[in-house]
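Both backbone and side-chain heavy atoms feed into the values below; hydrogens, waters and symmetry mates do not. In this chain, numbering begins with 1 at the start of the sequence shown. Remember, it's 1-based here, ligands and their atoms both numbered in the order they're listed.
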Amino acid sequence: MELELESIKKPVILSGVTPSGILTIGHLAGAITNWVKLQEEFECFFMIADLHAITVRQNPAELRKRTLETAAMFIAIGINPEISTLFIQSHLPEHSQLTWVLNSIAGVGECNRMTQFKDKSKQHSENVNVALFDYPVLMAADILLYQSDLVPVGEDQKQHLELTRNLAQRFNHHYSDTFKIPEPYIPKLGARIMSLQEPDKKMSKSDPNQSATIFLTDSDNEIKNKIKRAVTDSGSEIKFSNDKPGISNLITLMHLATNKRISEIENMYVDKGYGVFKTDVADAVANYLRPIRERYLELINNKQELIDILTKGEENARRIAAKTLRKVYKKVGFVQF
Ligand code: TYM
């Protein structure tokens, strides 16, 4: 009977977002649209990664607020709490506990090679703390605790996924088979939405230039103005190519908003010029984000519903996380009564 149940279990997904700012269209394109698509087929755990957030300085009241806002945004985008588990990372001490064990097999050299650590150390040179250095190990713990099969993320997390796989393999090798080896799941298009002002740079929630980023809470007018003012490339052709990062980024946004293929979008704008194209992208993106924003505004005003969802999520997550941690503690030689 148990074997039968085991064999019909769905494969597992875990992913998360750090609540260090308002979510952007980059989060949607790179990760959350895939979460929504995959949630029927997989057993899904979606996490608000507040432990990750404090690796850079946060205002505590803001962090509290953003954590609930992020949960509301997940649901507004289409995460269904009836079938997926939504939880707050810090509610499960197992994440920190497994991090400590993984720290004992993670090399200082390999953590030093993480490009995000290098970038963030430059960005926050006044506060290069140990947690920032350890961030990828915490991320590995997040993923491995749930025995995840697949981790849907944007391109910028790929290196962290490789580290996770290495740590899992190393642990399994030292202590015998314990962790599933997870696979990254990165979209072909939209894995890296670029800044509207500097299209060679990733769009980021913490960009000091607000017109570079489309936030999911932006009004129709804000969205349209930002897209109309987006930096484009020389020439006038609407073509997806490496030497046209600005236009390629807008084509990607058009694809996200309308589900049209790249070639279809290119064909629609032969000889039309940048002006017409930008106006159409602006309208399409505004229309796409409007219902998400409206649903979000309803949800954020109903705190109790969010708290109930996150409390249920915490309980669900704990069943799996605690089981993995017990197994790990036993394997490394901690006494258990
Ligand atoms: P975070 O919060 O920076 O981003 C959340 C997800 O959104 C993707 N993303 C983007 N995709 C395309 N274009 C962009 N401009 C863009 N900006 C962000 C990211 O790739 C990511 O998938 N450390 C993670 C959160 C995390 C996590 C985890 C993820 C913690 N533990 C375990 C997966 C599994 C982070 O800070 O993502």
Original post:
Any chance NZ of K239 has more than 12 other-residue heavy atoms, nucleotides or ligands included, within less than 6.0 Å?
Top reply: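 Not more than 12 within 6.0 Å, no.
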
Original post:
Take atom NZ in K118; do more than 12 heavy atoms of anything else shown fall under 6.0 Å from it?
Top reply: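 Yes - once you tally the heavy atoms of other residues, nucleotides and ligands closer than 6.0 Å, there are more than 12.
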
Original post:
How many angstroms lie between atom CD of E266 and atom OG of S248, to the nearest 0.5 angstrom?
Top reply: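 One finds 8.5 Å between CD of E266 and OG of S248.
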
Original post:
Under 4.0 Å between a Lys/Arg side-chain N and an Asp/Glu carboxylate O for K201 and D207?
Top reply: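 Salt bridge flag = yes for D207 with K201.
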
**OP:** Establish, yes or no, whether a centroid distance under 6.0 Å links the rings of F171 and F179.
**Re:**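 F171 vs F179: aromatic centres under 6.0 Å.
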
Subject >> Centroid-centroid under 6.0 Å between H27 and F215 rings >> reply: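 When the ring centroids of H27 and F215 are compared, they turn out to be at least 6.0 Å apart.
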
**OP:** Return a yes/no value for M203: is any of its N or O atoms, backbone included, closer than 3.5 angstrom to an N or O of ligand 1?
**Re:**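 Among all N and O atoms of M203, at least one is under 3.5 Å from an N or O of ligand 1.
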
**OP:** State whether the shortest distance between N or O atoms of I193 and N or O atoms of ligand 1 falls below 3.5 angstrom.
**Re:**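 Yes, I193 has an N/O under 3.5 Å of an N/O on ligand 1.
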
What atoms in ligand 1 come closer than 4.0 Å to a heavy atom of [X]?
X    : value
A31  : 6 (C), 7 (O), 22 (O)
A49  : 30 (C)
V17  : 2 (O), 5 (C)
G190 : 12 (C)

Original post:
Closest non-hydrogen protein atom to atom 37 (O) of ligand 1, residue and atom name please, with distance?
Top reply: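 Result: Q157 NE2, 3.7 Å.
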
Subject >> Protein heavy-atom partner closest to atom 18 (C) of ligand 1 - residue, atom, separation in Å >> reply: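 Protein heavy atom at minimum distance: H27 CD2, 3.5 Å.
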
